Amino acid sequence: MKHILLITNVLEEGTTLQYAAKFCKHYKAKLHILNIDEKSEPILISSPHYYKKFLYTHDINKVHRVTEEITDQIGKILDSQWVDIKVNGGNAQSLVEHVINDNFIDFIIIDKSTIELENLSKFKNLFFDVIPTPLIVIPKFEVFKPFKSLNFLTTHSKNDVGSIKLITEHFPNTKVTLSHFESEDYDESTNESEEKWVDYVRTQVKKKLEYQSFNEEISRYVNRESFAITNQFDVFVFTTKPRNFWTRLFDPSTTLSMLTDLETPALVFKLPQSS
């Protein structure tokens with residue numbers, strides 16, 4: 001893991017700044033901060049100097065406020081060489097894609113409350129249905145602690161294998177448990193296929209993996225684990241598929257609905273369009 005992107009509106013939210021800084025310090029990754037303001041022109045800058053250069057003088061004060069707020073919150077956590085601040089406005093999709101591609105972003109950190117706001121519903125579409133980069137979704141006011149135990153909710157798919165390999169590479173010291181939830185038509189042949197899949201994953205991943213299966217609704221399980229007095233896992237891992245307007249309307253994302261009530265961090269991997 002080399003590069004982490006934090007999506008935030010510092011002047012309105014900003015609650016994940018310290019979490020992201022401590023995350024990057026612990027995992028030795030560079031933190032890129034993208035501040036989005038839709039009311040401005042689509043300009044991407046790294047310091048007030050560029051506003052003066054291109055005569056965007058009307059936003060200089062805002063740039064100062066944003067950079068000062070970031071510096072105040074994370075200046076004592078991360079050295080400046082490990083932080084790249086971008087202040088921008090305009091088309092969110094082009095800006096995010098630009099930063100991701102130019103900086104080889106591994107994960108995007110986002111505050112859970114951001115995707116719950118009604119006026120940011122199109123960001124929800126951007127993060128979950130357009131941008132393929134995995135997400136780290138953080139509950140509001142979450143205090144950082146290293147990922148010691150992780151629960152990957154698997155459907156036994158080929159794409160899951162790739163995501164599991166990626167997780168073990170980025171978090172080598174984290175215990176990984178795979179959890180599967182049986183369907184109503186589960187039978188002996190399904191059990192054999194399940195065992196083969198688990199055996200295959202273990203040949204692909206150079207790490208001990210725990211495995212468990214449940215005859216229970218996944219949403220009920222996640223809700224119970226999330227609000228347990230003692231959490232068994234530090235992080236839940238979900239996969240989600242891209243949806244257009246109509247599929248979101250008639251086939252809403254289970255992942256999004258579970259994230260709404262989740263009070264622990266979550267990793268979200270996006271499936272390819274064809275999955």
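The figures here come from the full heavy-atom set of this structure, side chains too, leaving out hydrogens, waters and symmetry mates. Since we're looking at a predicted model, the values are computed, not measured.
The two residues Ile77 and Lys25 come nearest to each other via the heavy atoms O-CD, 3.4 Å. Scanning both residues, Glu216 and Phe181, for their nearest heavy atoms gives O-CD2, 3.4 Å. Contact detail for Ser179 and Asn151: the closest heavy-atom pair is OG-OD1, 2.6 Å. Across all their heavy atoms, Lys2 and Asp106 have their closest contact at N-OD2, 2.7 Å.
Salt bridge present: Asp234 and Lys145 bring a charged side-chain N and a carboxylate O closer than 4.0 Å.
Side chain of His156 to backbone of Glu194: no donor-acceptor contact under 3.5 angstrom is found. Distance alone, capped at 3.5 Å, places no donor-acceptor pair between the Thr133 side chain and the Ile100 backbone. Counting only distance, with no hydrogens or angles, the side chain of Arg202 and the backbone of Leu209 share a donor-acceptor pair below 3.5 Å. A donor-acceptor pair under 3.5 Å is absent between the side-chain atoms of Asn103 and the main chain of Ile105, judged by distance alone. At distances below 3.5 Å, at least one donor-acceptor pair connects side-chain atoms of Asn101 with backbone N or O atoms of Glu97.
Atom NZ of Lys207 is surrounded by more than 12 heavy atoms from other residues, nucleotides or ligands within 6.0 Å.
Residues Ile74 and Ile33 are in side-chain contact: their nearest non-hydrogen atoms beyond the backbone lie under 4.5 Å apart. Side-chain contact between Leu178 and Val198 is absent, with no heavy atoms from C-beta onward closer than 4.5 Å.
Taking the six-membered ring where tryptophan is involved, the planes of Tyr211 and Trp197 are tilted, since the angle between them lies from 30° to 60°. Note on ring orientation: taking the six-membered ring where Trp is involved, the planes of His170 and Phe107 are perpendicular (angle over 60°, cut-offs 30° and 60°). Taking the six-membered ring where the residue is Trp, Phe144 and Tyr27 present perpendicular rings, their angle passing 60° and hence far from 30°.
For the side chain to side chain contact (heavy atoms under 4.5 Å, CB included) test with Leu153, the passing option among Ile218, Val237, Thr177 is Ile218; the others fail.
Within the model, atoms CZ of Phe233 and OG1 of Thr264 stand 10.5 Å from one another, a figure rounded to the nearest 0.5 Å. Going from atom CG of Leu78 over to atom CD of Gln18 covers 11.0 Å, rounded to the nearest 0.5 Å. Here the CD atom belonging to Gln232 is positioned 5.5 Å from the CD atom belonging to Glu225, to the nearest 0.5 angstrom.
Judged purely by distance below 3.5 Å, without hydrogens or angles, the side chains of Ser163 and Asp160 never pair a donor atom with an acceptor atom.
Checked against the 6.0 Å centroid threshold, Phe269 and Phe238 do not count as a close aromatic pair.
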Test side-chain contact (heavy atoms from CB on, under 4.5 Å) applied to Asn159 and Thr239, step by step: CA-CA 9 Å; Asn159 289 300; Thr239 56; over 6 Å; no
